[in-house]
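Here the structure is a predicted model, which is why all the values come from computation and not from measurement. In listed order, ligands and their atoms are each counted from 1.
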Amino acid sequence: MSMKRIAVLTSGGDAPGMNPAIRAVVRMAAANNIEVVGIERGYQGLIEADFHPLRIRDIGGILGRGGTMLQSARTEEFKTDAGRRRAIHNLNKAAIDGLIIIGGNGTHQGAHLLSQMGFPIVTIPSTIDNDLCYTDFTLGVYTTLNTVLDAIDKIRDTASSHQRAFLIETMGRNSGYLALMAGIAGGAEVILIPEAPMTPEEVLEAIQTQYALGKPHSIILVAEGYKPGTMAVYNYLHEREKEIGFTVRMTILGHIQRGGRPTAHERILATRFGVAAVEHLIAGNCGVMVGIMENKIQTTELSKVVSCHKGADLEMYKLAQMLEFGHGKFAANGHPALNLKTHWPRFATGD
Ligand code: F6P
């Protein structure tokens with residue numbers, strides 16, 4: 001089917017990179033004489049036919065802006081058959097030939113269902129959680145990691161001045177990716193993720209070890225999906241401050257992680273994704289997500305994307321543990337949360 005008019009929407013949690021992706025879609029479409037329609041507030045706007053033309057002049061200045069100029073929403077109505085039928089009706093009525101959907105996990109579930117109803121769809125993965133399979137990175141991750149890193153560096157300054165243990169909670173929903181990668185980049189002393197949870201008792205032990213080693217502070221990065229949760233660990237440590245040697249504080253970074261100017265890397269990735277999405281719609285390769293694997297843009301069927309969950313990479317977790325506990329008390333066996341003796345034979349010999 002030849003594409004004369006396509007639409008684009010952003011849905012779910014916003015992420016830095018959505019705007020540069022919208023810009024790339026509009027520019028690539030214009031280069032192929034295709035009109036673009038912007039849909040406001042994600043699936044909600046799709047159901048309500050909140051459409052408007054999106055021309056080159058409308059996207060001026062958005063390349064460096066965080067958030068999404070099309071706004072976003074999480075919509076219960078789209079989960080119903082009636083809601084999706086209404087969406088298809090509105091798309092057909094507006095003579096839209098294809099749809100580009102930018103969003104994360106929940107958004108992809110919706111995109112898959114819509115695509116199953118026969119509408120030509122290509123999606124762009126965008127979530128600060130980086131929890132979608134078949135892409136090494138989702139839009140937003142690069143920028144958010146830098147935001148978290150900046151917070152860690154600042155908190156370390158004050159933690160060190162006051163000899164404190166600081167819990168820093170990141171977003172990430174059920175994935176420990178953000179906490180793990182920011183923890184590695186920021187040199188955190190302990191990283192707590194849902195994929196390899198340490199108990200509060202083990203955290204206490206780890207901090208005591210670091211105190212005994214003469215560390216002036218302890219930074220504990222916690223993913224929001226970690227159980228029993230940041231507050232539980234805080235309470236446990238707070239009650240034992242004398243034992244630990246450090247006083248304890250906690251910072252929940254919250255939605256600051258979703259804002260900010262997309263980094264250079266983010267803008268480039270968003271541009272590649274946006275261009276590729278239009279290319280695949282034109283080529284009729286629909287019902288797919290564009291992704292990046294080994295620095296190549298690839299597409300994967302939505303049915304595969306939605307039946308897969310990506311958590312934090314446990315190899316990277318082992319690496320983080322080696323960096324944290326490669327000396328001192330846990331050097332021989334690693335931390336109890338992962339048996340480094342098995343995974344890192346060097347620890348067994350003490351080389
Ligand atoms: O999925 C992105 C995300 O920022 C998660 O990390 C977080 O759990 C959630 O969205 C927060 O959602 P809301 O915008 O509804 O507060």
Answer yes when Lys318 and Glu315 have at least one side-chain N-carboxylate O distance shorter than 4.0 Å, and no when they do not.
-> yes
Do Met171 and Thr144 come close enough that some side-chain heavy atom pair is under 4.5 Å?
-> no
Among protein heavy atoms, which sits nearest to atom 6 (O) of ligand 1, and what does the distance come to when rounded to 0.1 Å?
-> Asp129 OD1, 2.7 Å
Name of the residue among Glu48, Glu40, Arg41 meeting side-chain hydrogen bond (donor to acceptor under 3.5 Å, both in side chains) with Gln44 | Glu48
What's the shortest distance from atom 8 (O) of ligand 1 to any protein heavy atom, and which residue and atom give it?
-> Glu224 OE2, 2.5 Å
Does a donor on one side chain and an acceptor on the other come within less than 3.5 Å for His108 and Thr123?
-> yes
Can you find a non-hydrogen atom of Gly104 under 4.0 Å from ligand 1?
-> no
With the threshold set at 4.0 Å, does a side-chain nitrogen-carboxylate oxygen contact exist between Arg258 and Asp14?
-> yes
Check ion pair Asp81-Arg84 (N to O, under 4.0 angstrom) = yes
Closest protein heavy atom (residue, atom, distance) for atom 3 (C) of ligand 1 = Arg258 NH1, 3.5 Å
Pair Asn285-Thr299, side-chain donor/acceptor within less than 3.5 Å | yes
May I ask you to identify the nearest protein heavy atom to atom 9 (C) of ligand 1, giving residue, atom name and distance to one decimal place in Å?
-> Arg173 NH2, 3.5 Å
What atoms of ligand 1 come closer than 4.0 angstrom to any heavy atom of Arg74?
-> 9 (C), 10 (O), 11 (C), 12 (O), 13 (P), 14 (O), 15 (O)
Within the structure, does Gly13 bring an N/O atom to less than 3.5 angstrom of an N/O atom in ligand 1?
-> no
Tell me, which protein residue and heavy-atom name are nearest atom 16 (O) of ligand 1, and how many Å apart are they?
-> His255 NE2, 2.8 Å
If you measure from each heavy atom of Gln257 to ligand 1, is any distance below 4.0 Å?
-> no
